[in-house]
Amino acid sequence: MDPHRPARLHYAWVILAVTCLTVVLTAGVTAVPAVLIHPLEVAFGWNRAAIALAVSINVFLYGLAGPFAGRLMLRVGPRRVMLTSLLLIAAGVAASTQIRTVFHLYLLWGVVVGVGTGSTALVLSATVVNRWFTTQRGLAMGLLGAASSAGRLVFLPLLTLVVATLGWQAVGWVVAGCLLLLAVPLVALLMRDAPAALGLTPYGTGHDTTSGRPATPPAPEAPLVPLGVALRHGDFWRLWCTFAICGATTNGLIGTHLIPHAIDQGLSAVAAATTLAMMGVLDIAGTLGSGWLSDRYDKRVLLAAYYGLRGLSLLYLPSADDLTKLALFGVVYGLDWIATVPPTVGLATDIFGPRSGPMLFGWVFFGHQVGAALAAYSGGLLRVWLGTYHVAFTTAGLLALGAAGLVLTIRQGRRPVSTAAPQQTPPVGPPGALAAPRAATGG
């Protein structure tokens with residue numbers, strides 16, 4: 001290898017850039033219901049609970065589609081799944097501009113868009129990173145997580161402005177146009193299923209990326225932990241329940257109902273959307289910081305702190321009746337929105353192993369979407385019954401505080417017995433203080 005020859009950019013970074021763009025645009029699609037609830041109420045006279053049911057169907061299928069999309073990617077590759085999903089989303093969003101009944105809303109936004117966005121969510125990020133990277137995986141996943149936050153950051157104020165100036169139907173055409181003119185061509189031209197399709201090895205494999213020396217051979221892979229075995233493991237359900245509360249208190253309630261709540265308080269939709277966008281900016285910083293802390297400190301204590309902070313901010317939200325108070329809520333809550341993801345993924349890996357952890361996290365993420373679906377619908381239902389979101393926000397705050405306590409009961413380090421290779425791991429004691437280094441916790 002010529003030391004004076006400049007290093008060529010590995011194609012993995014091109015793949016990552018295309019995937020980031022896809023995640024940005026599909027995350028923007030998930031922001032649409034938040035800006036359409038009030039316009040649809042005005043246009044059709046539907047109550048908020050009926051509209052929220054469509055959002056619940058969407059977020060439920062968003063989570064359920066992930067594990068099945070992952071299996072499909074193993075068979076036909078990510079590129080075909082991405083193209084099919086993007087075309088499905090674009091068709092559903094465009095057709096939604098012609099809805100006339102609430103059943104159309106359930107079918108298009110609930111089913112079609114829900115399945116499409118779920119197939120390009122976390123499972124796509126994990127598949128791409130695992131196929132194209134053997135080093136820098138944390139950086140790659142962090143960038144994809146930031147892309148998700150950036151999607152909401154960019155699209156929420158933009159789509160709110162579109163509704164205010166051009167009407168709610170224009171939102172569908174804007175989103176469909178972005179997908180068809182930006183994402184679909186780039187995926188079709190640049191996306192590849194695996195490095196072998198280009199005669200490459202994954203980034204970091206084969207030779208050291210800085211010295212050019214042969215890399216150390218990877219350690220033998222551990223046997224997979226079957227889903228049935230994981231379902232009999234208490235820590236799986238502790239992760240599932242706490243992440244379900246995470247979904248209920250983020251995507252389900254705040255992501256769906258914060259803008260309608262702000263309108264109820266006499267604030268403009270644009271001001272509320274700007275608050276959500278500000279939360280997206282803070283969320284990027286919070287998520288990157290959470291990833292850094294998860295590598296160094298006890299993940300259970302981190303999660304307990306995040307859920308506790310979220311619970312207190314949600315208990316404060318009913319009193320946020322002006323823009324200043326809403327912005328204060330946005331600052332505190334925004335740092336915490338996706339910050340729970342890195343330690344939750346890390347705990348799944350710690351408990352079930354590096355090979356089985358990501359796969360089983362897909363089912364934990366399904367719990368996240370179950371919680372989000374229930375909160376999206378019940379939040380709208382409580383608003384219809386009581387005329388306010390105060391009970392919904394207070395209940396969510398108490399649930400988050402409960403999750404802070406539940407996550408501390410996870411017995412980090414005790415792995416379930418695999419059917420292929422039984423093993424015993426001594427139990428780990430109660431979580432240490434936040435300042436305890438990672439080596440002391442086995443994290």
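- Proximity of a side-chain donor or acceptor of Ser85 to a complementary backbone N or O of Met82 within less than 3.5 Å is not detected.
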side-chain contact (heavy atoms from CB on, under 4.5 Å), that's the test. Do Leu179 and Val29 meet it? Break it down for me. CA-CA 10 Å; Leu179 293 171; Val29 174; 4.3 Å; yes
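- We find the CG-SG distance between Leu399 and Cys241 to be 11.0 Å, quoted to the nearest 0.5 Å.
- One distance of note links OG of Ser319 with NE2 of His390; it measures 8.0 Å at 0.5 Å rounding.
- The structure places CG of Asp322 at 7.5 Å from CG of Leu267, a figure rounded to the nearest 0.5 Å.
- Looking at every heavy atom in both residues, Val184 comes nearest to Leu83 through O-CD2, 3.7 Å.
- For the pair Arg300 (side chain) and Thr409 (backbone), a donor-acceptor distance under 3.5 Å is absent.
- The aromatic rings of Phe366 and Trp363 sit perpendicular, their planes meeting at an angle over 60°, well past the 30° parallel limit.
- Atom OG1 in Thr160 sits 9.0 Å away from atom CG in Leu36 (nearest 0.5 Å).
- The aromatic rings of Phe365 and Phe243 are tilted relative to each other, their planes meeting at an angle between 30° and 60°.
- Side chains of Arg80 and Leu72 form no contact here, defined as non-hydrogen atoms less than 4.5 Å apart.
- Atoms CG and OH, on Leu9 and Tyr203 in that order, are 9.0 Å from each other to the nearest 0.5 Å.
- Residues Leu282 and Val331 approach most closely at CD1-CA, 3.4 Å, considering heavy atoms.
- Counting heavy atoms from C-beta on, the side chains of Arg238 and Arg411 come closer than 4.5 Å.
- Counting only distance, with no hydrogens or angles, the side chain of Arg192 and the backbone of Ile15 share no donor-acceptor pair below 3.5 Å.
- Scanning all heavy atoms of the two residues, the minimum distance from Ala304 to Val407 falls at N-CG1, 3.6 Å.
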Steps toward salt bridge (charged side-chain N to carboxylate O under 4.0 Å, His left out) verdict (Asp264, Arg48): CA-CA 12 Å; Asp264 288 348; Arg48 200 160 294 183; 3.3 Å; yes
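- Side chain of Thr22 to main chain of Val18: a donor-acceptor pair is present (N/O by atom type, distance under 3.5 Å, no hydrogens or angles).
- Between Tyr11 and Trp132, the ring-plane angle classifies as tilted under the 30° and 60° cut-offs.
- At distances below 3.5 Å, at least one donor-acceptor pair connects side-chain atoms of Thr256 with backbone N or O atoms of Asn251.
- Val32 has its side chain out of reach of Val93: every pair of non-hydrogen atoms, C-beta onward, lies at least 4.5 Å apart.
- Residues Met191 and Val128 form a side-chain contact, since some pair of their non-hydrogen atoms from C-beta on lies under 4.5 Å apart.
- For the atom pair CG of Leu253 and OG1 of Thr250, the computed distance is 9.0 Å after rounding to the nearest 0.5 Å.
- Here the side chains of Asp298 and Leu302 are not in contact, with every heavy-atom distance at 4.5 Å or above.
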Could you go through the side-chain contact (heavy atoms from CB on, under 4.5 Å) check for Leu309 and Tyr333 one step at a time? CA-CA 8 Å; Leu309 184 64; Tyr333 185 91; over 6 Å; no
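- At distances below 3.5 Å, not a single donor-acceptor pair connects side-chain atoms of Gln369 with backbone N or O atoms of Phe60.
- Residues Thr120 and Thr19 form no side-chain contact, since every pair of their non-hydrogen atoms from C-beta on lies 4.5 Å or further apart.
- At distances below 3.5 Å, not a single donor-acceptor pair connects side-chain atoms of Thr84 with backbone N or O atoms of Val81.
- A distance-only check finds no donor-acceptor pair linking the side chain of Asp321 to the backbone of Gln265 [under 3.5 Å].
- At least one donor-acceptor pair under 3.5 Å links the side chain of His10 to the backbone N or O of Thr201.
- The aromatic rings of Tyr389 and His257 sit tilted, their planes meeting at an angle between 30° and 60°.
- Here the side chain of Thr394 pairs no donor or acceptor atom with the backbone of Val391 at under 3.5 angstrom.
- For Trp13 and Phe133, the distance between ring centers is under 6.0 angstrom.
- Counting heavy atoms from C-beta on, the side chains of Leu159 and Val163 never come closer than 4.5 Å.
- You'll find the side chain of Leu317 stays beyond 4.5 Å of the side chain of Lys325, heavy atoms only.
- Residues satisfying the side chain to side chain contact (heavy atoms under 4.5 Å, CB included) criterion with Leu231, sequence neighbours excluded, are Leu227, Phe236, Trp237.
- Taking all atoms of both residues into account, the shortest heavy-atom contact from Tyr62 to Thr30 is CE1-CG2, 4.0 Å.
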Could you give me the CA-CA distance, side-chain angles and deciding distance for Ile254 and His261, then say whether side-chain contact (heavy atoms from CB on, under 4.5 Å) is met? CA-CA 9 Å; Ile254 298 302; His261 166 71; over 6 Å; no
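- Salt-bridge check for Asp193 with Arg131: failed, with every basic side-chain N at 4.0 Å or more from each acidic carboxylate O.
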Criterion side-chain contact (heavy atoms from CB on, under 4.5 Å) on Tyr307 and Cys246, from CA distance to verdict: CA-CA 8 Å; Tyr307 283 124; Cys246 176; 3.4 Å; yes
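- Of all the heavy atoms in Asn58 and Gly114, the pair that sits closest is ND2-N, 3.4 Å.
- Across all non-hydrogen atoms, the minimal contact from Val23 to Leu144 is CG1-O, 3.8 Å.
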